[in-house]
Amino acid sequence: MLETERLVLRRPSPNDADDLLELVGDEELMRWIGGGAGDRAVAVESIERWIGRWEANGVGQFAAVLDGHVIGRVGLLVWDESSWETSTYERAGTRAVTELGWAIARRHWGHGYATEAARAVRAWAYEERAISRLVSLIDPRNVRSIRVAEKLGAEPEQLVPTPHGPAVVWVHPR
């Protein structure tokens with residue numbers, strides 16, 4: 001568990017599904033992170049996927065909690081840079097790239113929660129998990145996420161094709 005000034009960042013739990021409905025049910029938000037809006041079943045599937053990634057990689061998405069409610073997720077995802085598909089450290093081997101990603105429910109946009117949480121997860125990844133390089137994959141039209149990356153001091157490196165469309169690879173400072 002990590003704590004910031006306003007948030008608690010913890011591993012996801014099946015009990016988070018109701019809070020995540022606001023996130024996964026938002027078509028505008030989901031267009032940036034892949035897939036369409038969904039219902040409670042999609043929220044449950046998302047949580048199960050996040051838990052599985054923690055088990056496979058020892059890192060994953062944290063549930064971002066504000067005043068006892070999950071308002072989004074911020075954390076780490078492993079990609080295989082040869083295909084730019086999600087993977088595991090074991091499967092991708094030397095092609096593994098660790099992404100720092102964020103998604104906050106729309107009614108909480110504009111308050112700096114994504115930046116605050118991402119900064120804490122980035123420090124944890126570098127200091128506690130000894131990850132040597134962190135990137136963020138951001139759709140070039142996603143101006144809000146680009147602004148978060150800029151606030152974090154990340155620099156754009158290249159445009160890559162992903163299964164969800166083109167993304168700019170933003171490299172984070174240590």
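Residues T98 and Y89 bring a donor and an acceptor atom of their side chains to less than 3.5 Å of each other. Side-chain polar atoms of S87 and W79 form no donor-acceptor pair below 3.5 angstrom.
W124 places no side-chain N or O within donor-acceptor distance of the main-chain N or O of R129, the cut-off being under 3.5 Å. Here the side chain of E116 pairs a donor or acceptor atom with the backbone of R6 at under 3.5 angstrom.
Distance check, rounded to the nearest 0.5 Å: CD1 of I138 to CH2 of W170 gives 6.5 Å.
Side-chain contact between V65 and L7: absent, with no pair of heavy atoms (C-beta onward) separated by less than 4.5 Å. At least one side-chain heavy atom of L152 sits less than 4.5 Å from a side-chain heavy atom of H172. Here the side chains of V70 and L20 are in contact, with some heavy-atom distance below 4.5 Å. Looking at heavy atoms from C-beta onward, V44 lies in side-chain contact with E48 at the 4.5 angstrom threshold. Contact of the V59 side chain with the L77 side chain is not registered, since no non-hydrogen atoms from C-beta on lie closer than 4.5 Å. Residues L76 and Q61 fail the side-chain proximity criterion, which asks for heavy atoms closer than 4.5 Å. Residues P166 and V160 fail the side-chain proximity criterion, which asks for heavy atoms closer than 4.5 Å. Put simply, the side chain of T162 does not reach to within 4.5 Å of the side chain of E85, judged on heavy atoms.
In this view, H69 satisfies the ring-ring contact (aromatic ring centres under 6.0 Å, His included) rule with no residue, not counting sequence neighbours.
A salt bridge between R73 and D16 is absent, with no side-chain N of the basic residue lying under 4.0 Å from a carboxylate O of the acidic one. The pair R49-E55 fails the salt-bridge criterion, with no side-chain N (NZ, NE, NH1 or NH2) lying under 4.0 Å from an Asp/Glu carboxylate O.
Both L2 and Y126 are assigned to one and the same hydrophobic cluster, defined by single-linkage of ILVMFWY side chains at heavy-atom distances under 4.5 Å. Criterion: ILVMFWY side-chain heavy atoms under 4.5 Å apart, direct or through other members. Under it, V168 and W84 are not part of a common hydrophobic cluster. L134 and V78 fall within the same hydrophobic cluster, where Ile, Leu, Val, Met, Phe, Trp and Tyr residues are linked whenever their side-chain heavy atoms come under 4.5 Å apart, directly or through other members.
A ring-centre distance under 6.0 Å is not found for F62 and W50.
Taking both residues in full, the closest heavy atoms of M1 and V8 are given as SD-CG1, 3.5 Å, listed atom of the first, atom of the second, then distance. Between A118 and L100, the closest heavy-atom pair is O-CD2, 3.7 Å. Closest non-hydrogen pair, P173 versus G153, comes out as CD-O, 3.4 Å. For the pair I131 and R174, the tightest heavy-atom approach, listed with the atom from each and the gap, is O-NH1, 3.1 Å.
The neighbour count for E90 CD, taken as heavy atoms of other residues, nucleotides or ligands under 6.0 Å away, does not exceed 12.
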